[in-house]
Chemist: 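Here it is: the structure, laid out below.
Please read all numbers here as calculations on a predicted model, not as lab measurements.
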Amino acid sequence: MTVLKTSVLVLDCAEPMELAGFYAALLGAEMRVGSDPDFVEIVGNQGVHLAVRRDHGYAPPSWPRPEDSQQAHLRVLVDEGDMDEAEREAIGLGARPVDTKDSNSGPRDVRVYADPAGHSFSLAAYPFDAERRRSVGSVSTDGV
């Protein structure tokens, strides 16, 4: 018998409530604080599950510099037609663009940012089907 499992990506940071608030707003999710205030989960209706943990010796990564290789990053999938709006939202919440190449257009669009604690993440264009759009609320219920 296989034991039921799940996983969560945990980001280290100096201020977990601040970083959790950033990702909760960016992903349309909610923050869950348990008995340990140094560990905050971000959970959304569409299966978003992320956590942040206080690291008292935290130093932000400096990716994309080659001497400090990236270990991991979060890729946020966005409907192809919503990339510009998603970018404005991310920057308005405190994200900082780290890759400003001229490739920010077209169906393979990927835009790279640093969150307020310095972790890299990307917004990536993804061709959501009509059913998926309705489930996340980006299309009205009458199909218009």
Side-chain angles (χ1 to χ4, degrees), residues 1-64 68-101 103-144:
M1 172 191 256
T2 302
V3 175
L4 182 63
K5 300 173 188 76
T6 190
S7 63
V8 60
L9 174 65
V10 179
L11 299 175
D12 292 343
C13 65
E15 298 297 331
M17 290 300 291
E18 180 181 312
L19 189 59
F22 169 82
Y23 278 110
L26 180 68
L27 300 171
E30 65 180 51
M31 297 186 327
R32 291 187 186 162
V33 181
S35 60
D36 181 357
D38 288 343
F39 187 85
V40 183
E41 292 182 299
I42 299 97
V43 181
N45 295 329
Q46 302 303 317
V48 175
H49 201 118
L50 177 67
V52 293
R53 179 188 73 87
R54 183 182 313 274
D55 177 348
H56 293 283
Y58 177 74
S62 57
W63 183 86
D68 295 321
S69 65
Q70 170 183 274
Q71 300 297 313
H73 77 278
L74 181 64
R75 176 168 280 201
V76 178
L77 302 179
V78 178
D79 189 81
E80 294 168 310
D82 294 334
M83 284 296 291
D84 290 339
E85 182 178 346
E87 179 175 61
R88 285 189 296 274
E89 184 178 87
I91 291 170
L93 291 167
R96 180 178 44 81
V98 295
D99 183 4
T100 57
K101 296 178 184 170
S103 63
N104 284 353
S105 65
R108 307 224 24 107
D109 195 4
V110 175
R111 302 177 192 184
V112 182
Y113 308 87
D115 69 21
H119 304 102
S120 62
F121 73 95
S122 63
L123 298 176
Y126 187 80
F128 287 110
D129 61 25
E131 181 60 33
R132 174 72 172 154
R133 282 190 203 113
R134 275 192 291 280
S135 73
V136 295
S138 62
V139 173
S140 67
T141 55
D142 63 3
V144 177

Chemist: At their closest point, which heavy atom of A95 faces which heavy atom of F22, and how far apart are they?
Modeler: N-CE1, 3.7 Å
Chemist: Considering all heavy atoms of both residues, which atom of V52 and which atom of L19 are nearest to each other, and what is their separation?
Modeler: CG1-CD2, 3.6 Å
Chemist: Between atom CD1 of I91 and atom CZ of R96, what is the distance when rounded to the nearest 0.5 Å?
Modeler: 11.0 Å
Chemist: I need the minimum non-hydrogen distance between A20 and V40, along with the two atoms involved.
Modeler: CB-CG1, 3.5 Å
Chemist: How many angstroms lie between atom OH of Y113 and atom OG of S120, to the nearest 0.5 angstrom?
Modeler: 13.0 Å
Chemist: I42 and side chain to side chain contact (heavy atoms under 4.5 Å, CB included): which partner among L50, L11, V8?
Modeler: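 That would be L50; it is the only one of L50, L11, V8 passing the side chain to side chain contact (heavy atoms under 4.5 Å, CB included) with I42.
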Chemist: List for me each residue that meets ring-ring contact (aromatic ring centres under 6.0 Å, His included) alongside Y58, sequence neighbours excluded, and say none if there are none.
Modeler: H119
Chemist: Check side chain to side chain contact (heavy atoms under 4.5 Å, CB included) between A86 and all other residues, then give those that pass, not counting sequence neighbours.
Modeler: V78, L123
Chemist: Looking at every heavy atom in both A24 and M31, which two are closest together, and how far apart are they?
Modeler: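 Nearest pair, atom of A24 first, then M31: CB-CG, 3.7 Å.
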Chemist: Give the intermediate values and the outcome of side chain to side chain contact (heavy atoms under 4.5 Å, CB included) for residues V76 and R111.
Modeler: CA-CA 10 Å; V76 178; R111 302 177 192 184; over 6 Å; no
Chemist: Taking all atoms of both residues into account, what is the closest heavy-atom pair of S35 and P37, and its distance?
Modeler: O-CD, 3.4 Å
Chemist: Test: salt bridge (charged side-chain N to carboxylate O under 4.0 Å, His left out). Region: residues 11-35. Which pairs qualify, not counting sequence neighbours?
Modeler: D12-R53, E15-R54, E30-R32
Chemist: What are the two closest heavy atoms between G94 and P116, and how far apart are they?
Modeler: O-CG, 4.0 Å
